[in-house]
Asks: 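If you scroll down you'll find the structure; I have some questions about it.
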2 protein chains.
Amino acid sequence: MLDDFSNVPSDCVMFNLRRAARMVSRRYEEALRPVGLRAGQFSILIALSQQPQVPLGALADGLGMERTTLTRNLRPMIRRGLLADSPDRNDARVRLLSLTDEGRALLKRASPLWQKAQEETFDRLPEALWPDTRQRLQALAG
Amino acid sequence: MLDDFSNVPSDCVMFNLRRAARMVSRRYEEALRPVGLRAGQFSILIALSQQPQVPLGALADGLGMERTTLTRNLRPMIRRGLLADSPDRNDARVRLLSLTDEGRALLKRASPLWQKAQEETFDRLPEALWPDTRQRLQALAG
DNA sequence: CCGGTAAATATGCATATGCACTTATCGAGT
DNA sequence: ACTCGATAAGTGCATATGCATATTTACCGG
């Protein structure tokens, strides 16, 4: 008998997650285009807005991202002046990251654009389902 | 008053989707490493296993991916001999894609590895929740 | 047949992703 | 102080992602 993979595309968790992430990211990036932020860059700004100084590794963990990936994702943002980094005085290995004033200002401008994308997203998935859905995504990511 | 973005990381659909996609993809790629397939490559093989000949654009639509992205993702797979492409006899613009015998054989070897990754995934998200979760992801991707 | 518009795909550029490996630093035990 | 294992971060390589733009082909109205 022939191999039948016909159920795999819809069953595969990885495939469905990646496709949804691609499609949703494109919509958020379209919304954020006026401020010139990519989807991942917006996430980094948000993550850094929570704390004054964050070690690179801790930030990568929070984003569920390889340290080496984050290292490179930071570059265009630092070049643009949105982020600053400084060595930890107590541990010279650690690179502490922080938002600049410019980064904070841009985040403020980006916020309503994000809000709009978020609302458009909830036109597709009823917002009441989101807390539950988020929890499932976090379980998958954990 | 200061801007407070403290709710954004957990609320942002885009962020949660991307993070989950990253983490889950890494686990599938680890499982698929013995056959040397990346997560997206496995998805392409599966998608092509459904039909004998698929136009590039139609495949891209099915994957929720830009045609230009797919164009390049195909390259290493064609170079490796997993896929073949030929022009459509009725429309010289169209590139028809198909699995090679080697591609089909590799998919067969990859299948149990995928199955294992899938099962590990369901250790994190109860499988009973998957049909519903999949539907939500498809709504987000649509 | 010709000209113009639409469609399918490819290219240039920039960012994103992570593994294997390397470098620098820390801290504990001697 | 010294060595050594552990930890934080960076590099080289390869694939992934998509927008703006270019190229080729199709099709339709004249």
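These numbers come from the heavy atoms of this one structure, side chains and all, not from hydrogens, waters or symmetry mates. Just so it is clear, the model here is predicted, and its values are computed rather than measured. Just so we're on the same page: letters track the sequence lines, and every chain starts at 1.
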Asks: Which heavy-atom pair separates A:N90 from A:D88 by the least distance, and what is that distance?
Replies: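 Between these two residues, the closest heavy atoms are N-OD1, 2.8 Å.
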
Asks: Look at the side-chain N and O atoms of B:N73 and state whether any lies under 4.0 Å from the OP1 or OP2 oxygen of D:dA16.
Replies: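 B:N73 to D:dA16 OP1/OP2: side-chain N or O found under 4.0 Å.
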
Asks: Examine D:dC19: is either OP1 or OP2 under 4.0 Å from a nitrogen or oxygen in the side chain of A:R38? Give yes or no.
Replies: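 It does not, given that no N or O in the side chain of A:R38 lies less than 4.0 Å from OP1 or OP2 of D:dC19.
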
Asks: With a 4.0 Å cut-off, would you call B:E29 and B:R38 a salt bridge?
Replies: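 A salt bridge is present here (some side-chain N lies under 4.0 Å from a carboxylate O).
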
Asks: From the options D:dC19, C:dC26, D:dT15, select the nucleotide whose nearest atom is closest to the side chain of B:Q41.
Replies: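 It is D:dT15.
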
Asks: Can you check whether A:R67 has a side-chain N or O nearer than 4.0 Å to OP1 or OP2 of C:dC21?
Replies: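 For C:dC21, OP1/OP2 do not have a side-chain N/O of A:R67 under 4.0 Å.
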
Asks: Should the side chain of B:R93 and the base of C:dA7 be counted as holding a donor-acceptor pair, with the cut-off at 3.5 Å?
Replies: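 Yes.
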
Asks: Distance check needed: C:dT15 P versus A:M65 CE, whole Å only.
Replies: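 Checked: the CE to P distance equals 15 Å.
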
Asks: Just N and O in the side chain of A:R18: are any of them under 4.0 Å from OP1 or OP2 of D:dT17?
Replies: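 The answer is yes; a side-chain N or O of A:R18 sits under 4.0 Å from OP1 or OP2.
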
Asks: Rounding to a whole Å, what distance do you find between B:L37:CG and D:dT15:C1'?
Replies: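 To the nearest whole Å, that distance equals 13 Å.
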
Asks: Please confirm whether any donor atom in the side chain of B:R22 sits under 3.5 Å from an acceptor in the base of C:dT17, or the reverse.
Replies: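 No pair found.
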
Asks: Should the pair B:D132-A:R136 be classified as a salt bridge under the 4.0 Å nitrogen-to-oxygen rule?
Replies: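 Judged by the 4.0 Å cut-off on N to carboxylate O distance, B:D132 and A:R136 do form a salt bridge.
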
Asks: Tell me which nucleotide among C:dC19, D:dT7, D:dG10 gets nearest to the side chain of A:R95.
Replies: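 From the listed options, D:dG10 comes nearest.
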
Asks: Of the candidate nucleotides D:dG18, D:dT17, D:dG10, which contains the atom at the shortest distance from the side chain of B:E66?
Replies: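 Per side-chain heavy atoms of B:E66, the pick is D:dG18.
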
Asks: Measuring from the side chain of A:R72 (C-beta onward, heavy atoms only), which nucleotide among C:dA10, C:dA8, C:dC19 has the closest atom?
Replies: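 Looking only at side-chain atoms, A:R72 lies closest to C:dC19.
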
Asks: It should be established whether B:T69 places a side-chain nitrogen or oxygen under 4.0 Å from OP1 or OP2 of nucleotide D:dA16.
Replies: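 Looking at the OP1 and OP2 atoms of D:dA16, neither is under 4.0 Å from any side-chain N or O of B:T69.
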
Asks: Does B:T71 place a side-chain N or O at less than 4.0 Å from the phosphate oxygens OP1/OP2 of C:dA10?
Replies: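 It does, given that an N or O in the side chain of B:T71 lies less than 4.0 Å from OP1 or OP2 of C:dA10.
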
